[in-house]
Structure formats: C-alpha cells, structure tokens
K.L.:
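This structure is in structure tokens; I'll ask about it shortly.
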Amino acid sequence: MTILDFLDAARAERGGAPALNDVTYDELYAGSLRVAAHLRETGVRRGDRLAIFSENRLGFAFAYLGALRLGAIVVPVNVLYRAAELEHVLSDANVSVVVASETTKPHVAAFPAARIVDAATVEAWASQSTPATMPHPAPGADDDAVIIYTSGTTGRSKGAVMTHGNLAAIASQVVTAWRWSARDTLYAALPLFHTHGLSAGFNGTLASGGRFIFDARFDAATALATLRRDDVTMFFGVPTMYVRLLEALDGEPPALRLWVSGSAALAPDVFTAFEKRFGVQILERYGATEFGFALGNRFGGPRVAGSVGIPLPGVRVRVAERETGTAVPAGEVGELLVGGPSVTRGYWNAPQATAAAFFCDDEGMRWYKSGDLATYDAENEVYRIVGRLKELIITGGFNVYPLEVENELNALPGIRASAVIGAPDPARGELPVAFVECAGELDAEAIRTALGLRLASFKIPREIVAIEHLPRNALGKVEKHRLRDLLAARG
Ligand code: AMP
C-alpha cells in the first residue's frame, strides 16, 4: 500500500466528503493528477527531488501528492531555514524544483540551480477543470517517497529517506492505534514539512478517510474556536500548544474524543492540569522523523503521566545497552531501539551516518538507534523517555537526566517552562544549569531549596538563569545548543 492508494480508496468510497479543509476527496484526487501532469511538463521525472518550502496551504498538499504520483521524491523544507540550511538541503538532495510561497521565495532566489514553482500556481493547476490521467507506473512500496531533513536541534541536519511503504506503515499504525475513522475530523496547526503534521496529520487522514482542518500557525484562541466546532473530534499538538490552550481556555472546554501530544516530552503537571480543566487525559506518544511514531499511551487507558505507553501496532522497541545492543532489565535506562516497517532505509547520501544509526541483532532484525534514553516501567507496564543521549549530563560520575529536573522545575509555581543543560566544570566534568521562563521575578534560591526537597543534591542546577523566551525550533522544541552557546558567550 501507499499513501496514494489510501487517497484513491477514500475517493472511491466517499468522493464528495471533505478531506482537507473544504477540499473534497474527489477534488484532492483530481487535483493531484493535474498537478502531476503540470510538474511533468515542468520537467520533473521519476526519482527527481522536488522540495516544498512553504507554510501550510493547499498548494503544499497538492504539490506533495502530485510529485508522489510521478514517482518524484518530495523534500519538505522547514520554512525557518535560511541561506546556510537551504544551501545544505538543496545541494545535499540535489533538488531540481522548489515549490515556494511569496514569503519563502526570496530566500530560494539565491539558488539558481533549482527552478521555482509558486505554491499559488500549484493551487491554480489543481483547480483547473481539465481532466488528467493517472501517471504510469504508479510508485511501489519500496520506492523512495520523501526525504525529511531532521529538525537539527544539534548539528547539521541529515535527510531521512522514507519509502512509500514507510509512509503507509506510519499512517496505518496511528489510524489503528487511535481508532481513527472516516467519521473523524482532525484539527492541527502543525507544519506539514515535519513528520508530525505530514505523516500523522495528513497521511493519517488519507488512511482514515476522514477530514483534516489545518492552520498555518498555532494561535490558542483560534484553535479553541475551531476545536469547539461540532464536527471536530481530534487534536494533535506539541506540548507547548497544550500549555497555551490551558492559559487561553475561558468557559467550557471543547469536547473532543482524542487529544494527542508528541514531538517533545509532555510535562506531567501539564497532563494533570489538562485533565482537570478539560476533563480528559492527553494521549502522549513518542516519535521521530526516522520512523514516524513508535510508542503511545493506550487508547483505552490507563494513560500514565510522564510515560509514552506501549509500542504502536507493528512497531518493535528494545531498551538496550548502547555498545552491544543487548536489552537491559526493566527499570534500567538504555538507548531506545526501534524496528519494523515504518523505519527509514537510511540517510540520503550518507552511508556512514546510516551505518552508525543501525544495529542488526542475531536474528537479522534491523534496529534504528534512536539516540533517546528510555526505561521500561514494569509496574505501570509503560515505557518512559528519560531524555536524549547527547543531552545526558554527567556530573562527578553521576547521571543527571535533564528532563527529570525540568519536570520538577515546571511543577513549581511561577515557572512556565525550563531547560537544563550541562556546563563544563573542571572538577566535576559538568554541572547542571537551568534556564527558566518565569511569570514574575526569579528567586533562584527559593527554587533551589524547593528542588532540594525532591531531588538529590547533584541534580540541583548550580545556576538558574531567567530567560524571557527559551530558543525553540519550528515545532516548539527547545534548542539546547543555543543555550550552550549563550553560556559559552558569557564565559
Ligand atoms: P523529530 O525527528 O524532529 O521529530 O525529533 C524526534 C525527537 O523528539 C525524538 O528523538 C525525541 O528526542 C523527541 N521526542 C519526540 N516525542 C517525544 C516524547 N513524547 N517525549 C520525549 N521526547 C520526545
């Protein structure tokens, strides 16, 4: 199966039903064929790379589907990327055509090697009334479909190649796990250039036959108004969106059947506050560009705060020793390995990075080494993510998991968000330092005292720095390398 098969099946069954905002399945289907024909005229061929560098809009969706129909490989590009990042992505993937919007176009102008097609032109192509035929041959499950460059919270981004089979597996997994059906309407304001919006939001919708209402950017008041519509049944968001929804809620909360959070850790106090105020538990799930989504809290409950539940259908996970890949006992921390049909075949143009990212066990099972540290909590029968391997702080030989300290900080009154990093220290190797967004004045001593009641002394940040806004990427994830730069610049 491919995403296109899902679209074609939904169109055959319920062509007049809305698929994407007010666009019906019939229109999405016909538009994808027309855009494929125009892209072909533009010179796009099977296997060519076509970048989409645009905010969420219909032109994004049509360019994506049209290119896939041709067997071209779509490279979604983060709209925040500028010269250095664009140059890296466009040249690494050897992109021949870039679909860009009015706002992003000026940034691509510096790269004459790539031909620019306006997202508005794609929209005009899609809405023509001319019939278009299905390109042949249709791409198969093993053909490359997209190259998604990892969001790069550290270092230079790598392009994870996802085949049509990978995308279909990811969509099927979430549709099954979350009982997603044609009766559902999803609302999300997640960028389509990231796996959360594209693989879960858009592709999941096509696999379910339901409707996806999307916005280009998240605004809590707008989101609440849309979520109050009778037809909306599900919301997908990142943790910061849940914080904003809690702050903005006035009156009765919207009644949805499912609220999903992912892409970063959901603080347990946000989970609890949401349950109190919205009367429902958020379903937290864990994923990454390279495999879509691996773990999620049980649909039927119990949903455990601070945990990411169990493997999604079809996904295998193992908490392993980094060096050997051997499973560690329950309760111990190890690297999370992920296996199954949704896992990338590797990074584009990067055989070494690909080799380093995988581990094959004695039974021939191919595991992706996520770089995330996890543990299996046998009592609650759930997995917990304890942080990124690279962000682990080792102080005087003791391990400090930043997430644990951040969760404690976030639970203190007046702290809106926090990020803990390791600062170099000649005696202890590293010492934890916290950056906090406060509602009022920062009282570092009071915070340290409060933390001291709950955490071992070596985990207490040596310094607590007030910051107005933590640096975040387009998905709202804190960019810790920028905090490290801030510390280094201070000396
Ligand atoms: P990306 O490839 O941009 O989607 O980033 C993937 C990374 O986000 C993972 O490797 C994790 O470090 C982090 N992540 C995603 N979901 C969660 C979650 N529920 N809890 C903690 N970290 C998460």
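Fair warning: this is a prediction, and the values are worked out from it, not measured in the lab. Counting begins at 1 with the first residue of the sequence. Note that ligands are numbered from 1 as they come in the structure, with each ligand's atoms numbered from 1 the same way.
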K.L.:
For atom 18 (C) of ligand 1, which candidate among Pro239, Gly262, Ser261, Ala264 provides the closest heavy atom?
P.N.:
Ala264
K.L.:
Which of the numbered atoms in ligand 1 are below 4.0 angstrom from a heavy atom of Val308?
P.N.:
19 (N)
K.L.:
Which ligand 1 atoms does Glu284 reach within 4.0 Å, using its non-hydrogen atoms?
P.N.:
18 (C), 19 (N), 20 (N)
K.L.:
Look at ligand 1 and say whether Asp372 reaches it with a heavy atom at a distance under 4.0 Å.
P.N.:
yes
K.L.:
Strictly below 4.0 Å, N to O, side chains only: are Lys369 and Glu321 in salt-bridge contact?
P.N.:
no
K.L.:
Apply ring-ring contact (aromatic ring centres under 6.0 Å, His included) to the pair Phe236 and Trp180, showing each step before the final yes or no.
P.N.:
CA-CA 13 Å; Phe236 292 176; Trp180 195 344; 5.4 Å; yes
K.L.:
Check each of Asp144, Asp142, Asp143 against Arg345 using the salt bridge (charged side-chain N to carboxylate O under 4.0 Å, His left out) test, and report the only one that passes.
P.N.:
Asp144
K.L.:
Please find the pair of heavy atoms, one from Thr195 and one from Phe293, that lie closest to each other, and give the distance.
P.N.:
O-CZ, 3.8 Å
K.L.:
Decide salt bridge (charged side-chain N to carboxylate O under 4.0 Å, His left out) for Glu404 and Lys459; before the verdict, give the C-alpha distance in whole Å, the side-chain angles of both, and the deciding distance to 0.1 Å.
P.N.:
CA-CA 9 Å; Glu404 185 189 12; Lys459 298 180 185 171; 3.1 Å; yes
K.L.:
Quick one: does His196 get a heavy atom under 4.0 Å from ligand 1?
P.N.:
no
K.L.:
Which atoms of ligand 1 sit under 4.0 Å from any heavy atom of Thr289?
P.N.:
1 (P), 2 (O), 3 (O), 4 (O)
K.L.:
Using a 3.5 Å cut-off on N or O atoms only, is Glu290 in polar contact with ligand 1?
P.N.:
no
K.L.:
Is it true that Phe235 and Trp259 have ring centroids separated by less than 6.0 Å?
P.N.:
yes
K.L.:
Given Ala160, Ser157, Ser263, Ala288, which has its nearest heavy atom closest to atom 13 (C) of ligand 1?
P.N.:
Ser263
